[in-house]
Trainee: 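Take a look at the following structure, please.
Heads up: numbering here begins at 1 and tracks the sequence. Heavy atoms only: backbone and side chains are in, while hydrogens, waters and symmetry mates are out. A quick note: this is a predicted structure, and the numbers were derived from the prediction, not measured.
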Amino acid sequence: MTQEKWGQLRNKLLKAVGKNNYTTWIEPLEFQELQDGVAVFSVPTNFMGNYVSQNFADLILYEMNTAGESVQRLAFRVAANSPVRPSNELVSAPAVAQAAPQSQSLSQQAEASGDALESLQAAPLDARFTFDSFVVGKPNELAHAAARRVAEGGPVTFNPLVLYGGVGLGKTHLMHAIAWELKTKRPELNVLYLSAEQFMYRFVRALRERRMMDFKHLFRSVDVLMVDDVQFIAGKDSTQEEFFHTFNALVDQNKQIIISADRAPGEIKDLEDRVKSRLQCGLVVDLHPTDYELRLGILQNKVQQYSNTYPDLTIADGVLEFLAHRISTNVRVLEGALTRLFAFASLVGREIDMELTQDCLADVLRASERKITVEEIQRKVSDYYNIRLSDIIGPKRLRSYARPRQVAMYLCKQLTSRSLPEIGRRFGGRDHTTVMHGVKRIEELKTTDGQIAEDVEMLRRALEA
């Protein structure tokens with residue numbers, strides 16, 4: 001078979017396996033000779049020969065025989081110019097599993113991989129992200145408890161642990177906290193934390209430099225593998241393939257895997273089904289959007305931290321509560337707003353009061369303006385309590401109408417930027433004092449009446465969804 005004919009066959013293989021697989025596995029193959037029914041190819045590494053034999057040998061054989069060549073099997077030889085010590089032995093398709101690794105190259109790989117592993121362990125961890133600085137509330141208590149359990153470093157009880165949720169809800173914080181805790185309590189463990197983008201970058205680099213065995217040794221010799229933002233490998237076929245095999249190898253060795261994502265594994269578009277299935281076989285925990293109490297707790301915790309940096313600054317009553325109400329979607333934005341407030345107040349030498357807060361954070365408050373309307377809240381509450389919208393707005397004072405009306409007023413105060421007089425006008429022209437009384441009453445009942453507290457929380461989540 002000529003090189004020209006092999007080039008024509010490669011075009012057919014491109015259409016059959018897709019661009020990603022072709023670029024990664026077929027394009028590096030160099031046809032050497034066809035003798036006695038054996039087609040010999042030069043490959044960069046033994047690993048690549050093994051992989052092609054396992055996954056593409058039947059297809060290549062079929063295309064060759066369809067093109068008129070008489071080929072019974074394929075064989076692969078490591079190229080002489082490869083950075084791996086060349087092998088004079090052929091790795092053939094039927095005997096791939098028995099192909100022996102080269103002792104010299106493995107020792108070199110172990111040393112190189114160890115250096116790479118050490119650099120990855122130290123770089124990404126943020127000293128601020130520990131369990132001590134993580135504020136626990138109802139929306140994140142399960143995720144926190146699961147992270148704590150994994151951080152003990154004992155026998156693996158659920159594998160993998162998958163933490164998912166929107167931006168700024170604490171996924172990365174918990175990942176770093178686990179890594180710090182393991183580093184302190186179980187220093188003998190090999191803990192590797194990196195983002196999915198770093199995983200992909202190292203995989204591509206290993207392919208380009210023909211060091212796939214280094215890559216495999218690095219990622220399969222760890223005790224705990226932590227991959228942040230796994231949704232970034234979606235749609236990247238070759239990276240997903242390697243991630244899947246790495247995942248299986250570590251699970252088979254009973255090594256702990258911890259993953260974070262911005263949504264549930266089953267909802268990540270372009271993530272292969274087998275990867276989704278693997279991620280869903282452990283404990284999948286949702287970090288819910290923060291509630292008002294949790295946001296207020298986070299702000300109070302940050303104020304305590306800032307008291308050392310800004311000992312002379314004071315913060316007026318109501319400011320933290322205002323921020324916790326108004327900036328509700330992203331904890332990072334919330335913490336950044338407080339940082340800006342303290343820095344600004346220290347520069348101008350003023351107390352952090354409502355006037356300074358609204359002036360300093362005007363852009364943040366505009367961007368965080370809730371899009372939920374009073375009318376939407378009224379409709380949602382009337383549907384929830386199975387009463388007519390006209391009864392929510394109307395003058396009837398029956399308890400079956402009055403309590404849902406107060407709940408609706410409370411939610412309007414919490415979830416919109418409308419003033420009390422504006423809310424009152426939307427509820428049949430009621431006075432702002434009536435709205436104030438309704439809001440206060442629900443705040444009291446939330447602490448004493450479990451049903452009211454549950455109703456308010458369910459409605460809030462439905463409205464913010």
Trainee: Could you pull out all residues at least two apart from Arg332 that satisfy salt bridge (charged side-chain N to carboxylate O under 4.0 Å, His left out)?
Mentor: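 By the salt bridge (charged side-chain N to carboxylate O under 4.0 Å, His left out) rule, Arg332 matches no residue at all.
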
Trainee: Taking the side chain as C-beta and beyond, is there a heavy-atom pair between Thr172 and Asp126 under 4.5 Å?
Mentor: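 A side-chain contact is absent here, since even the closest heavy-atom pair is not under 4.5 Å.
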
Trainee: Does the side chain of Ile298 come within less than 4.5 Å of Val331's, by heavy atoms?
Mentor: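 Yes, at least one pair of side-chain atoms sits under 4.5 Å.
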
Trainee: I'd like to know if Glu69 and Lys5 make a salt bridge, using a cut-off of under 4.0 Å between side-chain N and carboxylate O.
Mentor: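 Yes, this pair counts.
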
Trainee: Could you check whether any side-chain heavy atom of Arg220 comes within less than 4.5 Å of a side-chain heavy atom of Lys255, counting everything from C-beta outward?
Mentor: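 With C-beta onward as the side chain, the pair stays apart.
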
Trainee: Rounded at 0.5 Å granularity, tell me how far CE in Met64 sits from OG1 in Thr66.
Mentor: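 Rounded to the nearest 0.5 Å, the CE-OG1 separation comes out at 11.5 Å.
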
Trainee: Mind checking what makes side-chain hydrogen bond (donor to acceptor under 3.5 Å, both in side chains) contact with Glu188, not counting sequence neighbours?
Mentor: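 For Glu188 the side-chain hydrogen bond (donor to acceptor under 3.5 Å, both in side chains) partners, ignoring immediate neighbours, are Arg186.
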
Trainee: Could you list the residues that satisfy ring pair (Phe, Tyr, Trp, His ring centres under 6.0 Å) with Tyr292, not counting sequence neighbours?
Mentor: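 Once residues adjacent in sequence are excluded, the partners of Tyr292 under the ring pair (Phe, Tyr, Trp, His ring centres under 6.0 Å) criterion are His325.
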
Trainee: Quick one: list whatever passes side-chain hydrogen bond (donor to acceptor under 3.5 Å, both in side chains) with Arg263, sequence neighbours left out.
Mentor: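 Once residues adjacent in sequence are excluded, Arg263 has no partner under the side-chain hydrogen bond (donor to acceptor under 3.5 Å, both in side chains) criterion.
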
Trainee: Asn190 and Ser221: which non-hydrogen atoms are nearest, and at how many Å?
Mentor: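 Looking at all heavy atoms of both residues, the closest pair is ND2-O, 3.6 Å.
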
Trainee: Test: ring-ring contact (aromatic ring centres under 6.0 Å, His included). Region: residues 244-272. Which pairs qualify, not counting sequence neighbours?
Mentor: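 Checked against ring-ring contact (aromatic ring centres under 6.0 Å, His included) - neighbours excluded - no pair reaches residues 244-272.
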
Trainee: Any donor-acceptor pair under 3.5 Å linking the side chain of Ser277 with the backbone of Asp273?
Mentor: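 No; judged by distance alone, with no hydrogens or angles, the pair does not exist.
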
Trainee: Please list, chain by chain and in numerical order, all residues satisfying side-chain contact (heavy atoms from CB on, under 4.5 Å) with Ser346, sequence neighbours excluded.
Mentor: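 Scan of Ser346 (side-chain contact (heavy atoms from CB on, under 4.5 Å), adjacent residues dropped) gives Tyr310, Leu313.
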
Trainee: Side-chain donor-acceptor pair under 3.5 Å between Asp229 and Ser195, yes or no?
Mentor: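 No, no side-chain donor-acceptor contact under 3.5 Å.
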
Trainee: The test is ring-ring contact (aromatic ring centres under 6.0 Å, His included); show your working for Phe203 and Phe199 and say whether it passes.
Mentor: CA-CA 6 Å; Phe203 173 68; Phe199 181 90; 7.1 Å; no

Trainee: Taking salt bridge (charged side-chain N to carboxylate O under 4.0 Å, His left out) as the definition, give me every residue that meets it alongside Asp237, ordered by chain and number, with sequence neighbours left out.
Mentor: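 Listed in chain order: nothing, the list is empty.
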
Trainee: Answer yes or no: is there an ion pair linking Lys446 with Glu457, defined by an N-O contact shorter than 4.0 Å?
Mentor: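 Salt bridge flag = no for Glu457 with Lys446.
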
Trainee: Tell me every residue that passes side-chain hydrogen bond (donor to acceptor under 3.5 Å, both in side chains) with His288, counting only those two or more places apart in sequence or in another chain.
Mentor: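 If we apply the side-chain hydrogen bond (donor to acceptor under 3.5 Å, both in side chains) test to His288, skipping adjacent residues, the hits are Asp286.
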
Trainee: To the nearest 0.5 angstrom, please state how far the CD atom of Glu321 sits from the CG atom of Leu296.
Mentor: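 Going from CD on Glu321 over to CG on Leu296, the span is 5.5 Å.
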
Trainee: Could I get the full list of side-chain contact (heavy atoms from CB on, under 4.5 Å) partners for Thr309, not counting sequence neighbours?
Mentor: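 For Thr309 there are no side-chain contact (heavy atoms from CB on, under 4.5 Å) partners, ignoring immediate neighbours.
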
Trainee: Report yes or no: do Asn159 and Gln256 form a side-chain donor-acceptor pair below 3.5 Å?
Mentor: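 On atom types as modelled, these side chains qualify, holding a pair under 3.5 Å.
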
Trainee: The criterion is side-chain hydrogen bond (donor to acceptor under 3.5 Å, both in side chains); which residues satisfy it with Arg274, sequence neighbours excluded?
Mentor: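 With sequence neighbours excluded, Arg274 shows a side-chain hydrogen bond (donor to acceptor under 3.5 Å, both in side chains) to Glu241, Glu272, given in chain and number order.
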
Trainee: Please name all residues satisfying salt bridge (charged side-chain N to carboxylate O under 4.0 Å, His left out) with Lys276, sequence neighbours left out, ordered by chain then number.
Mentor: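 Here no residue qualifies.
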
Trainee: How would you list, by chain and number, every residue that makes a ring pair (Phe, Tyr, Trp, His ring centres under 6.0 Å) with Phe134, sequence neighbours excluded?
Mentor: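 For Phe134 the ring pair (Phe, Tyr, Trp, His ring centres under 6.0 Å) partners, ignoring immediate neighbours, are His144, His173.
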
Trainee: Does any non-hydrogen side-chain atom of Arg379 lie less than 4.5 Å from one of Glu375?
Mentor: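 With C-beta onward as the side chain, the pair touches.
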
Trainee: Can you tell if the side chain of Val285 reaches within under 4.5 Å of the side chain of Leu161, non-hydrogen atoms only?
Mentor: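 Counting from C-beta outward, Val285 and Leu161 do come under 4.5 Å.
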
Trainee: Do any N or O atoms from the side chain of Gln231 and from the backbone of Asp262 form a donor-acceptor pair under 3.5 angstrom?
Mentor: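 Answer holds: yes.
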
Trainee: Rounded at 0.5 Å granularity, tell me how far CD in Glu30 sits from CD in Gln3.
Mentor: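 So the CD of Glu30 and the CD of Gln3 are separated by 8.5 Å.
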
Trainee: Decide yes or no for Arg205 and Arg208: does some side-chain heavy atom of the first lie under 4.5 Å from some side-chain heavy atom of the second?
Mentor: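 They are in contact (side-chain heavy atoms under 4.5 Å apart), so the answer is yes.
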
Trainee: Is the closest side-chain heavy-atom distance between Tyr22 and Arg10 below 4.5 Å?
Mentor: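 Answer yes - side chains close enough.
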
